[in-house]
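Have a look at the structure below, then the notes.
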Amino acid sequence: MRLSELARNLNYAAAVLLLLTGIFTVVWKQNLIKKVFGLIITQSSMMLFLVSMGLVGSGGARIVTPGFRASKLVNPLPLEMCVVIMIVSIGLFAFALGLCITIYESEGTLEYHVLTEGKS
Amino acid sequence: MSLPVLAIVTPLLFAVLCPIIGVRRERNCFYAALTGSIITAVIAWSLAAFSSASTIITYNLGGWVPPWGIQLRIDLAGIATVCLIATAMVLLVVYSHEQELEISAPGHLSSLYTLMMLVEAGTIGFVISNDLFNIFLFMEIFFFAACGLTTLTREGPALKASFRYLLWGALSSASFLLGIIFLYSVTGTLDMRKISLKLAALNPDYVPVAAVALFLLLLALAIQSAVFPFHPGAQRAALQSTKIVRALLCSLVILVPVFGILRILGNVYGKLLTDPDTLWRTAQWVIAWTGAVSLAFFSIKAVLQKELSEIAVSSALSQAGLIVLSAGLSLHRIPVNVTYSLTAAFCGGGCLLLTAGVFETSYTGLRITELRAAGRKMPLAAIAFTLGSLTVIGIPFTAGYTAKRSVIYTCLNSGQWWFATIVIFVSLIQAYYCLRITYMLFAKPKGGEAPFSKAPHFMPIPGLLVSIASSAIWAVSYTLTPALLASFSTIVR
């Protein structure tokens, strides 16, 4: 891929990089909190991907203001999807972190390999 | 007609009401959940009364027509699945009575029934929504509720299993979301019907993107359905849960995403895949072999297990493999194969899980050897287990026979005789482990019996009703099959 193409698609490249980082963190890291952060990074990459798809050059927001021109507007649907994904993510991570707290109170550790050694 | 949206809103409403009703006396949550599940079942069967082979019941949320709004769209296969979910939830709520009331941890009952109602709302919404992103949201609803249910015991092994289940599910959600994003990028819409039309006229340069999206969506559903090799999270979570949660997980939460495969292949990709080309052949090969391997793996695993609950869970997961296999055989027979496999999985696998829970309540140990002559003390549960076993094996006059007959017929018609061989071989394995347990249940006692305390008297009733329903489904199948076959044209319409 040429550098000019990469520069034009920098958003998507960043999204892919974040996605790989998130998946690596979930799979490789042993600490439960770090795994949860890996999931957060993965979700963020999805949102960056979505927002990038909705971008239209120098398009503006779909909000009618003085001097508003309807010629070039950003696609609002991906942004709306991002909001919904954020809300879902809040629930997911609140549950996940609450589960981590409960596991720590029960087992006294947050290391995944230690927890799974005494196989349940 | 507002019935489709009422089918989702009713359990959601009772999910909110359960903790409120349970403030003064927590046992009232049971009655609230029972009322909610019965009302939802009435709504589901009312939908069935309006249906026919060519019927598509639609409802636009808020009156907004797609693409401005979200549409609920139900065909015959969807109605059958919604009826199955609603009826299953009534039986599960009844099944939970008394055994759950013994767990006196504060907040346990309101949490249990609230989350059960959320699972019901999520699964019904997943089946009937026509918007891909909405399907993702409903999948998240029932998945999170299921995760919450697996943590109810607050014991160490259950919490660890729940966290692992959460990780797998989160990866599945990410995969599903990425698939939706790719589909949206090439079609510009989230309405499944419009996606289907746009995919049929897709620029050939964008077909690889659609193919990757298909792979990601199916991968997500495969993880949610706990097919091999994506099973560790769900399987371990099911084994560490209480009896009711195990039955709910293996009969609804794991099976309903497999129905999603029908939605994706039929409603979304149906028009693109009906032209014979490499995309369908590749997808078919992957789906069918994944299902076949999962079916065989869990059946063999069930033989090697020594505890009844482990056998029941493995058996239920093997049924999920059968449904996946049935989805990958023939596109035109997909409504028939998936619907019958789903009902057989619920009737057979669900019955085994429910009755395993009855025996678990009565005996301290769950090893098969400790169940010797258990049928003499609990005849109803033993009869239910036997009838459920016949469904799992695929004996005539059961839903299992209908499902396996349909799958084998499709295999032989399409020249895929190797899958038919696998199904028959697996049926023999299932016969071995099911009949082995049935023999132990009705065998003469040999002295030195395991400690026994009788389960609540109506606990075996849901299992018995499910096993009787299996025969009813067999009886109805001869009139239902032509209607389901004809409904494929409505699925891709």
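Every chain is numbered from 1, with letters handed out A, B, ... down the list of sequences. On a predicted model such as this, the values are computed, not experimentally measured, just so you know.
Counting heavy atoms from C-beta on, the side chains of A/I85 and B/F133 come closer than 4.5 Å. Two residues are said to be in side-chain contact when any heavy atoms from C-beta on lie closer than 4.5 Å; B/L190 and A/M81 meet this criterion. Residues B/T189 and A/L77 fail the side-chain proximity criterion, which asks for heavy atoms closer than 4.5 Å.
Summarising the geometry, atom OG1 belonging to B/T151 is positioned 5.0 Å from atom CZ belonging to A/F95; distances are rounded to the nearest 0.5 Å. Note that OH of A/Y112 and NZ of B/K160 are 10.5 Å apart. Values are rounded to the nearest 0.5 Å. Separating the CG atom in A/L50 from the CD1 atom in B/I181 is a distance of 4.0 Å, to the nearest 0.5 Å.
Contact detail for B/G156 and A/S106: the closest heavy-atom pair is CA-OG, 3.6 Å. Between B/F163 and A/A96 the shortest heavy-atom distance is CE1-O, 4.3 Å.
There is no contact between B/S173 and chain A, counting heavy-atom distances below 4.5 Å. At a 4.5 Å heavy-atom cutoff, the contact between A/V88 and chain B is made by backbone and side-chain atoms alike. Of the atoms belonging to A/L99, it is side-chain heavy atoms, and not backbone ones, that fall under 4.5 Å from chain B.
Chain A is approached within less than 4.5 Å, heavy atom to heavy atom, by no residue from residues 114-128 of chain B. Taking non-hydrogen atoms and a 4.5 Å limit, the residue list of residues 136-145 of chain B in contact with chain A, ordered by number, reads B/L137, B/E140, B/F144. Of residues 35-48 of chain A, those residues lying under 4.5 Å from chain B by any heavy-atom pair are A/K35, A/V36, A/L39, A/T42, A/Q43, A/M46.
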Side-chain donor-acceptor distances from residues 11-25 of chain A under 3.5 Å, at least two apart:
from, atom 1, to, atom 2, distance (Å)
A/Y12, OH, A/S52, O, 3.3
A/T21, OG1, A/L17, O, 2.7
A/T25, OG1, A/T21, O, 2.6

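In this structure, the ring of B/Y184 has its center no less than 6.0 angstrom from the ring center of A/F49.
Within 6.0 Å of atom CZ in B/F215, 12 or fewer heavy atoms from other residues, nucleotides or ligands are found, so the atom counts as exposed in its surroundings.
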